[in-house]
Q: 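Take a look at this one; I'll ask things after.
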Amino acid sequence: MSKHVLRDGVVYRKEADGALIYNHSTGDVTPLNAMAAYMCEALFMERQDRETVLAGIKERWNVRDEERVRSDIDKFITGMKQLELIEEEGA
Amino acid sequence: MDHPPLKTIYFYNRNCNLRCRHCWILPGFNEDLAGELTFTEVQDLVFQGRALGLSGVKLLGGEPLMLPYIWEFIDFLVSEKLRIMIETNGTLVDDDIAARLAGCDPFVSISLDGSDDETHALLRGNPESFHQAVSGIRALVARDIRPQVICCLHSGNRHDLADTVELARKLGASSIKINYISDMGRAHGMAEERLSVKEFIDIYNSFGGKSFDDFRILFDIPPAFQSVSTLAEKGSGKTCGIRNIIGVLSNGDISICGIGNIEKELLLGNVRTHSLESVWKFDGTIRMIREDLPGKLGGVCGRCMFRKSCMGRCIANTYHQTGKLLGGDLFCGEAYRLGFFPETRLI
């Protein structure tokens with residue numbers, strides 16, 4: 001499955017309780033909670049695959065429903081695409 | 001359409017039954033004011049607003065419940081299916097009024113500046129106003145209207161904030177909004193009691209975004225200082241909707257908000273001599289706000305990632321203190337100057 005990176009002009013800022021993403025082209029700010037921030041860093045900055053990200057989440061949070069987290073990762077990627085904050089690597 | 005919809009008219013009664021020490025509007029005190037609009041003129045104002053996209057009217061003051069035609073006005077707004085917001089000191093709210101309000105599903109804010117009459121009276125002047133406001137909140141809650149409590153913070157009530165929050169929650173309020181007192185209007189005389197920017201930020205941080213399932217604690221603090229969890233909450237990070245509102249004083253004066261009562265340079269006309277359409281579409285100040293906000297915001301706002309949503313927060317306050325509408329928020333400017341502005345929020 002293809003990997004994604006943050007688009008040019010998209011700024012990621014780590015915060016104490018999550019992260020903020022600023023999009024220079026729109027001026028919009030997207031807040032991410034701690035798990036979403038972890039996913040963002042792992043998926044789009046460290047280019048990890050979904051299963052590695054899932055394993056990392058299981059290490060850090062008490063995961064009771066693995067399938068749900070897998071689905072959350074997919075939803076997160078879809079949401080980031082819809083906000084035009086990420087693009088396919090090499091695009 | 002080259003203009004955004006006029007979503008909300010902020011309608012300010014220029015009269016009040018209290019003389020609060022921090023009030024920025026400088027209303028009259030139980031005065032027989034001359035030249036006030038008639039109800040017919042107010043109806044016409046609303047009709048003009050509808051043609052520009054009006055969806056709600058916020059009633060403020062002074063004390064809005066002192067308007068001589070308040071019930072005709074509210075009934076009219078209900079019949080027009082407009083959203084009603086009321087910001088009151090609560091002293092006039094009893095069961096009769098709560099029953100009437102219950103029929104129109106309003107958003108009501110009531111001031112409560114302490115958990116007891118002495119603390120409340122430090123700003124309001126009259127200890128009885130505390131008991132009246134509490135009674136007003138109870139009356140509304142009994143009619144299934146859960147008001148927002150507004151608490152203005154200063155050095156004399158900061159020790160009492162946790163108790164005020166708890167009182168508001170126990171009374172059944174939906175939320176408490178904790179305001180910073182700016183250097184405007186009568187509050188100019190409160191220099192020694194005004195909290196510093198650092199103190200207000202520290203108090204905000206000490207609450208750590210604490211809220212309850214059915215009760216929210218909201219600070220009137222720029223988004224640049226809000227936690228990520230607060231920013232992620234629906235409705236948080238919102239500030240002044242300056243691009244979609246207009247202020248009308250009860251004498252018909254039009255301004256960008258209530259600032260026209262203390263800054264005559266920001267009077268844009270009067271509904272007796274100017275159509276709302278002409279002001280909304282063609283007034284130079286309104287157009288400047290529309291075209292230059294937030295792009296030409298000065299100060300630290302020009303570098304802040306939240307400028308698009310925050311819009312420089314209260315540009316009326318900035319104007320009052322600097323003579324420039326787009327000079328940049330003074331709270332943030334002070335924090336930046338003192339080194340408290342979060343680096344991660346700068347771009």
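Below, read A as the first sequence line, B as the second, and so on, with proteins coming before strands; counting in each chain starts at 1.
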Q: From B:T344 OG1 over to A:E15 CD, what is the distance, rounded to the nearest 0.5 angstrom?
A: 3.5 Å

Q: Answer yes or no: are there more than 12 heavy-atom neighbours, outside B:K7 itself, under 6.0 Å from its atom NZ?
A: no

Q: Check whether B:R345 gets within reach of chain A through its side chain, its backbone, both or neither, counting any heavy atom under 4.5 Å.
A: both

Q: Do the non-hydrogen side-chain atoms of A:L20 and B:V228 ever get within less than 4.5 Å of each other?
A: yes

Q: Take a 6.0 Å sphere around CG of A:D8 and say whether it holds more than 12 heavy atoms from other residues, nucleotides or ligands.
A: no

Q: Answer yes or no: are there more than 12 heavy-atom neighbours, outside A:K14 itself, under 6.0 Å from its atom NZ?
A: yes

Q: Taking only Lys NZ, Arg NE, NH1 and NH2, and the carboxylate oxygens of Asp or Glu, determine whether B:E343 and A:R13 approach each other closer than 4.0 Å.
A: no

Q: Measuring heavy-atom distances to chain B, does A:A19 have an atom under 4.5 Å in its side chain, in its backbone, in both, or in neither?
A: backbone

Q: Distance from B:M305 atom CE to A:I21 atom CD1, nearest 0.5 Å?
A: 10.0 Å

Q: May I ask you to test the B:L231-A:V29 pair for a side-chain heavy-atom distance under 4.5 Å?
A: no

Q: What residue, out of A:V11, A:D28, A:N33, has the most heavy-atom pairs lying under 4.5 Å from chain B?
A: A:D28

